[in-house]
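This structure is a prediction, so every number in the text was calculated from the model and none was measured.
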Amino acid sequence: MSNAVSSATNTNTNGNTATATKSNSSLGKDDFLNLLVKQLQYQNPLDPMDNTAFVAQMAQFSSLEQMQNLNTTMTNMQASNMIGNTINFKNDSGNVISGVVAGTSTASGVTSLVVGVDAVQYPKYLPTTTGDLVNCAVSWTDSSKVSHSGVITSATVDSSGAVKVTATETDSSGKTTTSTFASTKITRLIVPTKVDVSKVTDTTK
């Protein structure tokens with residue numbers, strides 16, 4: 001599995017995207033507002049829209065906006081409640097992936113989960129560049145077969161094409177130790193991945 005780390009970071013192959021996109025198959029409040037504006041813009045001036053009908057459409061628009069705002073609030077609360085939980089989710093290929101929710105992220109009004117996925121277990125989520133390895137949680141074994149865990153601070157590719165990783169390890173007393181090792185020594189690599197809340201199939205606290 002660790003060889004896959006070296007391969008992915010050297011070749012820059014695509015494989016680190018599980019960000020689900022919001023479906024555009026349904027109409028939103030902006031679509032209804034545009035339809036209403038067009039209706040007013042192109043209505044027959046000799047037979048304009050009835051005031052009662054106009055008020056009714058505005059009331060429907062207001063109700064739709066409130067429902068969407070409520071849905072957004074509920075989704076944000078649901079996402080926040082998942083922080084710290086282990087979840088299963090389906091990626092774009094339909095495969096079930098497990099990971100721990102580290103936080104949430106909101107972009108363009110859409111809230112996603114930030115899930116730590118073990119890229120050694122799921123090679124599709126391996127970072128595509130050495131820069132993307134920085135700040136990832138990592139576990140590795142040294143030459144004495146001792147296991148370590150830390151956070152990657154840098155990664156480079158040497159003249160032979162091998163990836164060298166530098167990570168900082170902090171013990172229980174707060175003492176930090178910096179180690180540099182080959183990516184082939186990695187046994188666990190946690191990559192932050194954005195996941196749409198609707199893709200979650202199972203949650204375990």
Side-chain angles (χ1 to χ4, degrees), residues 1-9 11-26 28 66-141 147-153 155 163 165 167-170 172 183-205:
M1 286 293 183
S2 301
N3 290 330
V5 176
S6 176
S7 174
T9 52
T11 59
N12 289 343
T13 55
N14 185 24
N16 186 31
T17 302
T19 304
T21 57
K22 183 182 181 182
S23 171
N24 293 320
S25 59
S26 59
Q66 291 180 23
M67 289 177 62
Q68 289 191 329
N69 290 340
L70 179 61
N71 184 56
T72 299
T73 300
M74 295 293 291
T75 301
N76 291 342
M77 290 178 61
Q78 182 183 10
S80 296
N81 288 335
M82 290 184 186
I83 294 176
N85 292 351
T86 298
I87 65 166
N88 292 331
F89 65 93
K90 284 189 175 181
N91 62 11
D92 293 340
S93 301
N95 298 320
V96 178
I97 309 297
S98 296
V100 178
V101 180
T104 63
S105 174
T106 302
S108 301
V110 179
T111 298
S112 302
L113 300 172
V114 179
V115 181
V117 175
D118 185 357
V120 174
Q121 184 178 0
Y122 305 105
K124 182 178 179 180
Y125 296 91
L126 284 168
T128 56
T129 68
T130 52
D132 290 335
L133 288 169
V134 176
N135 293 326
C136 288
V138 64
S139 297
W140 71 97
T141 54
S147 297
H148 301 267
S149 295
V151 177
I152 295 175
T153 56
V163 177
V165 174
T168 299
E169 183 179 14
T170 304
S172 57
S183 63
T184 53
K185 299 297 183 181
I186 293 176
T187 57
R188 182 170 172 267
L189 178 66
I190 303 302
V191 178
T193 304
K194 291 183 180 179
V195 177
D196 192 294
V197 177
S198 65
K199 300 292 184 181
V200 177
T201 60
D202 188 29
T203 303
T204 304
K205 290 187 177 180

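Listed by chain and residue number, nothing satisfies the side chain to side chain contact (heavy atoms under 4.5 Å, CB included) test with Ser80 (two or more places apart in sequence, or in another chain). Legend: residues meeting side chain to side chain donor-acceptor pair (under 3.5 Å) with Asn95, ordered by chain and number and at least two apart, are absent. For Ser147, the side chain to side chain contact (heavy atoms under 4.5 Å, CB included) test picks out Thr141, with sequence neighbours left out. Partners of Glu169 by side chain to side chain contact (heavy atoms under 4.5 Å, CB included), not counting sequence neighbours, listed by chain and number: Trp140, His148. Take Thr75 and apply the side chain to side chain contact (heavy atoms under 4.5 Å, CB included) test, not counting sequence neighbours, and it matches Asn71, Val197. Every residue was checked against the side chain to side chain donor-acceptor pair (under 3.5 Å) condition with Thr73, not counting sequence neighbours, and none meets it.
Distance check: Leu126 CG to Asp132 CG gives 11.0 Å after rounding to the nearest 0.5 Å. The NZ atom of Lys194 sits 10.5 Å away from the OG1 atom of Thr104 when rounded to the nearest 0.5 Å. Taking CD1 of Ile97 as the reference point, atom OG1 of Thr201 lies at 10.0 Å (rounded to 0.5 Å).
Between Thr168 and Val151 there is no side-chain heavy-atom pair separated by less than 4.5 Å. Between Ile152 and Leu189, the closest side-chain pair of non-hydrogen atoms falls below 4.5 Å. The shortest distance between side-chain heavy atoms of Val117 and Phe89 falls below 4.5 Å. Residues Gln78 and Met82 form a side-chain contact, since some pair of their non-hydrogen atoms from C-beta on lies under 4.5 Å apart. Annotation: side chain of Thr203 is not in contact with side chain of Thr86 (no heavy-atom distance under 4.5 Å).
When all heavy atoms are compared, the tightest approach of Ala155 to Thr130 is O-CB, 3.6 Å.
A side-chain donor-acceptor contact under 3.5 Å links Thr193 to the backbone of Val191. Under a 3.5 Å cut-off, the side chain of Asp202 and the backbone N or O of Ile87 do not form any donor-acceptor pair. Judged by distance alone, the side chain of Ser139 and the main-chain N or O of Thr187 form no donor-acceptor pair under 3.5 Å.
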Apply side-chain hydrogen bond (donor to acceptor under 3.5 Å, both in side chains) to residues Tyr122 and Asn91 and explain how you reach the verdict. CA-CA 11 Å; Tyr122 305 105; Asn91 62 11; over 6 Å; no
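Neither side chain, Ser112 nor Asp196, offers a donor N or O lying under 3.5 Å from an acceptor on the other.
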